[in-house]
Colleague: 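Let me begin by handing over the structure; questions about it come next.
Sequential numbering from 1 along the given sequence is applied to the chain's residues.
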Amino acid sequence: MKPQSEALEILLVEDNPADVDLILESFAETGNGTRLHPVRDGEDAMRFLRQEGEYGEGGRPDLVLLDLNLPRMDGREVLEAIKSDPELKVLPVIVLTSSQAQKDINTSYELHANCYITKPLGLSQFYRIAEAVEGFWQHVAVLPSER
């Protein structure tokens with residue numbers, strides 16, 4: 001179990017540079033020390049999680065913020081790969097995407113997403129999401145330990 005006093009480590013899987021900047025800024029503004037590790041596509045996300053190649057030196061994140069619409073390997077495929085991998089399946093995955101389509105919501109939960117959040121329009125709403133994610137996953141939920 002991760003001590004609640006430690007900062008969260010989050011893998012951010014997002015291909016839109018503007019959204020990456022908003023998310024990074026939002027988490028930085030909370031002042032809780034959360035460290036985000038952005039990658040731009042699903043293939044890099046899986047390499048990061050499996051600690052392959054250039055990601056071989058890092059540890060596993062505490063949770064994943066995952067966009068659905070990604071190049072090379074989309075978020076649905078990433079979510080399915082994470083939840084079907086015996087080493088990764090306990091990792092919490094929060095879908096953070098622009099899609100409001102009920103089909104995407106249902107599919108994400110069918111693939112065992114832990115949460116589905118539709119991206120907001122402005123920085124203040126991104127900030128509220130960052131606070132909520134940190135508040136829940138750092139101070140309320142008990143995270144799995146790395147195996």
Side-chain angles (χ1 to χ4, degrees), residues 1-51 53-55 57-83 88-146:
M1 175 168 61
K2 181 183 186 75
Q4 288 186 331
S5 61
E6 286 186 27
L8 286 174
E9 299 281 342
I10 299 177
L11 174 61
L12 172 60
V13 189
E14 173 61 64
D15 65 321
N16 182 323
D19 285 347
V20 170
D21 289 344
L22 279 172
I23 295 165
L24 291 173
E25 184 175 340
S26 297
F27 277 92
E29 284 292 315
T30 68
N32 291 321
T34 296
R35 290 184 290 275
L36 284 97
H37 307 276
V39 296
R40 291 181 166 235
D41 64 56
E43 289 182 6
D44 280 347
M46 294 311 299
R47 278 195 288 280
F48 185 99
L49 293 171
R50 292 180 176 139
Q51 300 171 319
E54 65 189 273
Y55 305 111
E57 297 296 317
R60 288 235 172 89
D62 297 307
L63 61 106
V64 177
L65 283 178
L66 177 66
D67 187 22
L68 290 182
N69 302 309
L70 300 166
R72 301 193 319 165
M73 180 182 193
D74 79 12
R76 295 158 202 82
E77 294 170 306
V78 172
L79 182 56
E80 186 172 19
I82 290 170
K83 296 302 182 176
L88 301 174
K89 68 182 177 182
V90 298
L91 186 63
V93 177
I94 299 170
V95 173
L96 179 62
T97 189
S98 57
S99 174
Q100 296 180 18
Q102 194 62 51
K103 181 178 185 218
D104 286 336
I105 296 167
N106 291 349
T107 298
S108 295
Y109 283 117
E110 288 166 4
L111 293 171
H112 306 288
N114 296 85
C115 181
Y116 191 101
I117 300 171
T118 302
K119 286 180 190 172
L121 298 177
L123 181 59
S124 64
Q125 291 97 347
F126 268 107
Y127 179 73
R128 282 197 287 272
I129 288 171
E131 283 185 316
V133 166
E134 286 178 338
F136 182 75
W137 291 102
Q138 190 168 20
H139 302 293
V140 177
V142 177
L143 291 164
S145 61
E146 189 171 329

Colleague: Test of understanding: with salt bridge (Lys or Arg N to Asp or Glu O under 4.0 Å), list the residues that count as partners of D44, not counting sequence neighbours.
Modeller: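 With neighbours one apart ignored, the set is R47, R72.
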Colleague: Mind checking the OG1-CG spacing from T107 to L79? Nearest 0.5 Å is all I need.
Modeller: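 Nearest 0.5 Å value for the OG1-CG distance: 10.0 Å.
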Colleague: Can you see which heavy atom on P38 is nearest to which on V20, and at what distance?
Modeller: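 It is CB-CG1, 4.1 Å.
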Colleague: Would you say M46 and I82 make side-chain contact, with heavy atoms under 4.5 Å?
Modeller: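 They are in side-chain contact.
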Colleague: My understanding is that only residues two or more places apart in sequence, or in another chain, count here; which of them pass side-chain hydrogen bond (donor to acceptor under 3.5 Å, both in side chains) with E77?
Modeller: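 side-chain hydrogen bond (donor to acceptor under 3.5 Å, both in side chains) check on E77 returns nothing, list empty.
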Colleague: Which pair of heavy atoms, one from P120 and one from Q125, lies closest together, and at what distance?
Modeller: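 Nearest heavy atoms, P120 then Q125: CB-CB, 3.1 Å.
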Colleague: Quick one, I129 and S26 - any side-chain contact, counting heavy atoms below 4.5 Å?
Modeller: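 No - every pair of side-chain heavy atoms lies 4.5 Å or more apart.
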Colleague: Looking at CG of L24 and CD1 of I10, how far apart are the two atoms once the value is rounded to the nearest 0.5 Å?
Modeller: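 That separation rounds to 10.5 Å.
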Colleague: Just jot down the ring-ring contact (aromatic ring centres under 6.0 Å, His included) partners of Y55, sequence neighbours excluded, or say none.
Modeller: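 Y55 satisfies ring-ring contact (aromatic ring centres under 6.0 Å, His included) with F48 once adjacent residues are dropped.
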Colleague: Might you work through the side chain to side chain contact (heavy atoms under 4.5 Å, CB included) test for I23 and L96, ending with a clear yes or no?
Modeller: CA-CA 10 Å; I23 295 165; L96 179 62; 3.7 Å; yes
Colleague: Side chains of L68 and Y116: does their closest heavy-atom pair fall under 4.5 Å?
Modeller: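 Sidechains of Y116 and L68: in contact.
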Colleague: Would you name the heavy atoms of L66 and G75 that are closest together and state the gap between them?
Modeller: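 Heavy-atom minimum between the residues: CD2-O, 3.3 Å.
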Colleague: Could I get the full list of side-chain hydrogen bond (donor to acceptor under 3.5 Å, both in side chains) partners for E131, not counting sequence neighbours?
Modeller: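 For E131 the side-chain hydrogen bond (donor to acceptor under 3.5 Å, both in side chains) partners, ignoring immediate neighbours, are Y127.
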Colleague: Just to verify, what does S99 make a side-chain hydrogen bond (donor to acceptor under 3.5 Å, both in side chains) with, not counting sequence neighbours?
Modeller: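 Only D104 meet the side-chain hydrogen bond (donor to acceptor under 3.5 Å, both in side chains) criterion with S99.
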Colleague: Provide the full list of salt bridge (charged side-chain N to carboxylate O under 4.0 Å, His left out) pairs with a residue in residues 107-128, sequence neighbours left out, each pair given once.
Modeller: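 For residues 107-128, and leaving out neighbouring residues, the salt bridge (charged side-chain N to carboxylate O under 4.0 Å, His left out) pairs sorted by first residue read E14-K119, D19-K119, D67-K119.
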Colleague: If you measure from OG on S108 to CD on E80, what distance do you get to the nearest 0.5 Å?
Modeller: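 It comes to 11.5 Å.
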Colleague: Using modelled atom types and a 3.5 Å cut-off, is there a donor and acceptor pairing between side-chain atoms of E25 and backbone atoms of L22?
Modeller: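 Between the backbone of L22 and the side chain of E25 there is no qualifying donor-acceptor contact (under 3.5 Å).
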Colleague: Kindly write out the residues that satisfy side-chain hydrogen bond (donor to acceptor under 3.5 Å, both in side chains) with T118, not counting sequence neighbours, or none if the list is empty.
Modeller: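 side-chain hydrogen bond (donor to acceptor under 3.5 Å, both in side chains) check on T118 returns nothing, list empty.
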Colleague: Between N32 and T34, is there a donor-acceptor pair closer than 3.5 Å when you use the side chain of the first and the backbone of the second?
Modeller: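 Side chain of N32 to backbone of T34: no pair is present.
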Colleague: Got L88 and R60 here, is their nearest side-chain heavy-atom distance under 4.5 Å?
Modeller: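 Yes - at least one pair of side-chain heavy atoms lies under 4.5 Å apart.
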Colleague: Check side chain to side chain contact (heavy atoms under 4.5 Å, CB included) between Q102 and all other residues, then give those that pass, not counting sequence neighbours.
Modeller: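 Q102 satisfies side chain to side chain contact (heavy atoms under 4.5 Å, CB included) with I105, N106 only.
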Colleague: Can you spot which of V13, L12, N114 makes a side chain to side chain contact (heavy atoms under 4.5 Å, CB included) with V64?
Modeller: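 When V13, L12, N114 are each tested with V64, the side chain to side chain contact (heavy atoms under 4.5 Å, CB included) holds only for V13.
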Colleague: Checking D62 side chain against E9 main chain: does a donor-acceptor pair fall under 3.5 Å?
Modeller: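 Indeed, once roles are kept as given, a pair shorter than 3.5 Å links the two residues.
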Colleague: With sequence neighbours left out, which residue pairs that include part of residues 10-31 fulfil the ring-ring contact (aromatic ring centres under 6.0 Å, His included) condition?
Modeller: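 Output for this query is empty, none listed.
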Colleague: Rounded to the nearest 0.5 Å, what separates atom CG in L63 from atom CG in L91?
Modeller: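 Going from CG on L63 over to CG on L91, the span is 7.0 Å.
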Colleague: Measure across H37 and L11 and return the closest heavy-atom pair with its distance rounded to 0.1 Å.
Modeller: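 Closest approach of H37 to L11: O-CD1, 3.1 Å.
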Colleague: For the residue pair R35 and P61, establish whether any side-chain heavy-atom pair is separated by less than 4.5 Å.
Modeller: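 The answer is no; the side chains never approach within 4.5 Å.
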Colleague: Does any non-hydrogen side-chain atom of D41 lie less than 4.5 Å from one of D15?
Modeller: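 They are not in side-chain contact.
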